[in-house]
Amino acid sequence: MSAALIDEVKATLDRHMDLPGMQVEIRTYTWETGEGVVSESDYFCFSQTLKTRDRTDPIHWKLPGSRRFTTFGWLGVATPGTPIEVRRTPDVVKTFVLRVEPDTFHRITRLEDGWYNERLMYRANKEGVVPIRLLNEIATELTSPGHESESLISALCIAFLVRFARMVRAGLDEASGRGLGEWQMNRIRNMISTQPANRLSIDRLAESCGISGRHLMRGFKAVMGTTVHGYIDHVRMERTKHLLSATKMPLETIATQVGFASASHMSSTFSRAQGMAPSVFRQRFQR
């Protein structure tokens with residue numbers, strides 16, 4: 001954030017770490033009024049609100065020349081020398097900030113000039129699911145450092161920038177007709193989260209979105225950073241863990257609901273992924 005913004009909004013530096021070509025910080029900002037302020041930086045800045053006191057009102061922002069404010073959602077992004085007008089209601093906000101020097105940003109992301117625009121940032125804010133998990137992990141490590149914290153945080157920052165670059169490219173593909181739209185991603189996620197895995201196929205998911213299977217697989221991986229099948233396996237495992245810990249359903253019933261061929265298939269898959277049998281997991285977490 002610019003010096004002007006920090007002067008108008010009281011800021012307390014809670015945590016700070018210098019990395020090669022990057023800085024990570026956790027700051028507590030006190031917004032005493034609901035007026036807008038202008039932020040400008042010499043770095044590429046990525047920010048995420050971690051915790052608010054009393055309220056969770058959203059931050060609103062707009063780029064120069066924009067007439068309307070938009071919600072500052074999952075992921076806040078600012079480029080060097082680009083002023084952003086920020087506004088929110090009075091509040092105390094704890095925020096994680098990753099600052100990246102321009103040379104480091106371009107070396108890691110390989111993004112060409114012209115990628116930054118309001119529509120793309122709106123998309124990044126709404127669909128920044130994968131990168132924001134990495135920011136949360138970095139913030140957690142910065143707050144409670146462990147063995148080789150600096151090495152871990154540096155690796156996570158690089159991973160975040162790579163994932164962000166993939167998201168930007170997916171957005172550019174969408175604008176040119178080669179990517180997946182927000183409604184298509186929402187439909188795919190909804191089908192995967194609500195239907196047994198053995199009833200899903202690439203062709204069925206693609207048909208629901210009006211695209212080819214190859215288009216779906218390429219676009220999905222560009223947005224999510226994983227394959228469709230990898231995402232289905234992850235969701236199926238999370239649903240299995242939830243049903244084991246929160247219900248008393250027989251294993252056969254759980255296997256059917258989440259889409260395993262049988263209880264034995266579920267048990268072998270679960271044991272490989274979690275390092276324990278479903279029955280052991282249930283006993284441990286239901287207690």
Side-chain angles (χ1 to χ4, degrees), residues 48-58 71 73-75 94 96 125-144 146 152 156 159-160 163 167 180 182-202 204-206 208-209 216-217 220-221 223-287:
Q48 161 66 0
T49 299
L50 300 177
K51 186 178 181 181
T52 59
R53 184 185 66 188
D54 301 329
R55 289 190 305 274
T56 56
D57 296 332
T71 301
W74 290 106
L75 184 62
K94 189 175 290 290
F96 170 79
N125 270 275
K126 296 202 67 173
E127 298 188 9
V129 178
V130 174
I132 213 65
R133 291 175 181 170
L134 289 171
L135 289 188
N136 287 333
E137 190 171 349
I138 297 169
T140 299
E141 185 67 25
L142 186 61
T143 301
S144 303
L152 177 58
L156 290 172
F160 167 81
R163 291 288 180 86
M167 180 188 299
L180 298 181
E182 181 183 340
W183 72 270
Q184 292 169 319
M185 288 300 302
N186 288 339
R187 179 167 295 181
I188 293 168
R189 292 192 192 104
N190 182 64
M191 291 179 67
I192 292 174
S193 65
T194 58
Q195 299 183 31
N198 57 2
R199 296 181 186 175
L200 297 170
S201 67
I202 295 296
R204 185 181 175 197
L205 291 169
S208 72
C209 296
L216 180 140
M217 289 189 292
F220 188 91
K221 187 172 183 179
V223 174
M224 298 297 292
T226 185
T227 64
V228 177
H229 291 300
Y231 184 77
I232 290 174
D233 289 342
H234 170 73
V235 171
R236 178 164 61 177
M237 188 57 58
E238 291 302 307
R239 290 176 66 191
T240 302
K241 290 161 63 176
H242 170 72
L243 292 174
L244 286 170
S245 61
T247 75
K248 297 186 181 298
M249 288 183 183
L251 297 185
E252 292 81 1
T253 304
I254 294 177
T256 300
Q257 283 205 10
V258 299
F260 285 103
S262 63
S264 60
H265 179 211
M266 181 185 76
S267 295
S268 60
T269 303
F270 190 93
S271 298
R272 285 195 303 271
Q274 302 299 320
M276 67 182 77
S279 57
V280 176
F281 181 90
R282 167 170 275 175
Q283 291 172 359
R284 178 174 299 180
F285 287 93
Q286 281 200 343
R287 274 205 301 268

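Worth knowing before you read on, the calculation uses all heavy atoms, side chains too, and leaves out hydrogens, waters and symmetry mates.
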Is there a side-chain contact between Ser271 and Pro278 (heavy atoms, below 4.5 Å)? yes
Taking C-beta and beyond as the side chain, do Phe260 and Asn198 meet within less than 4.5 Å on heavy atoms? no
Side chains of Met237 and Asp233: closer than 4.5 Å at any heavy-atom pair? no
Going by side chain to side chain donor-acceptor pair (under 3.5 Å), name the pairs with one or both residues in residues 249-264, residues two or more places apart or in two chains. Ser262-Ser264
Arg187 to Ser208 - nearest heavy-atom pair and separation: NH1-O, 2.6 Å
Atom pair CZ (Phe281) and OG (Ser267), whose distance is rounded to the nearest 0.5 Å: 13.0 Å
Within-4.5 Å side-chain heavy-atom neighbours: Lys94 and Thr49: no
Contact check, side chains of Thr227 and Met217, non-hydrogen atoms, under 4.5 Å: no
Measuring from Met276:CE to Arg282:CZ, what's the distance to the nearest 0.5 Å? 14.0 Å
Would you say the side-chain atoms of Ser268 pair up with the backbone N or O of His265, donor to acceptor, closer than 3.5 Å? yes
Hey, are the side chains of Arg199 and Pro196 touching, using non-hydrogen atoms and a 4.5 Å cut-off? yes
From Met191 CE over to Asn186 CG, what is the distance, rounded to the nearest 0.5 angstrom? 13.0 Å
Below 4.5 Å, heavy atoms only, C-beta onward: do Leu200 and Val228 meet side chain to side chain? no
dist Gln195:CD -> Ile232:CD1 (nearest 0.5 Å) comes out at 10.0 Å
Can you check whether Gly146's main-chain N or O pairs, donor with acceptor, with Glu141's side chain at less than 3.5 Å? yes
Sequence neighbours excluded and cut-off under 3.5 Å, please list the side-chain donor-acceptor pairs for residues 241-251, or say none.
| unit_1 | atom_1 | unit_2 | atom_2 | d |
| --- | --- | --- | --- | --- |
| Lys241 | NZ | Glu238 | OE2 | 3.3 |
| Ser245 | OG | Lys241 | O | 3.0 |
| Ser245 | OG | His242 | O | 3.2 |
| Thr247 | OG1 | Leu243 | O | 2.5 |
| Thr247 | OG1 | Met249 | N | 3.3 |

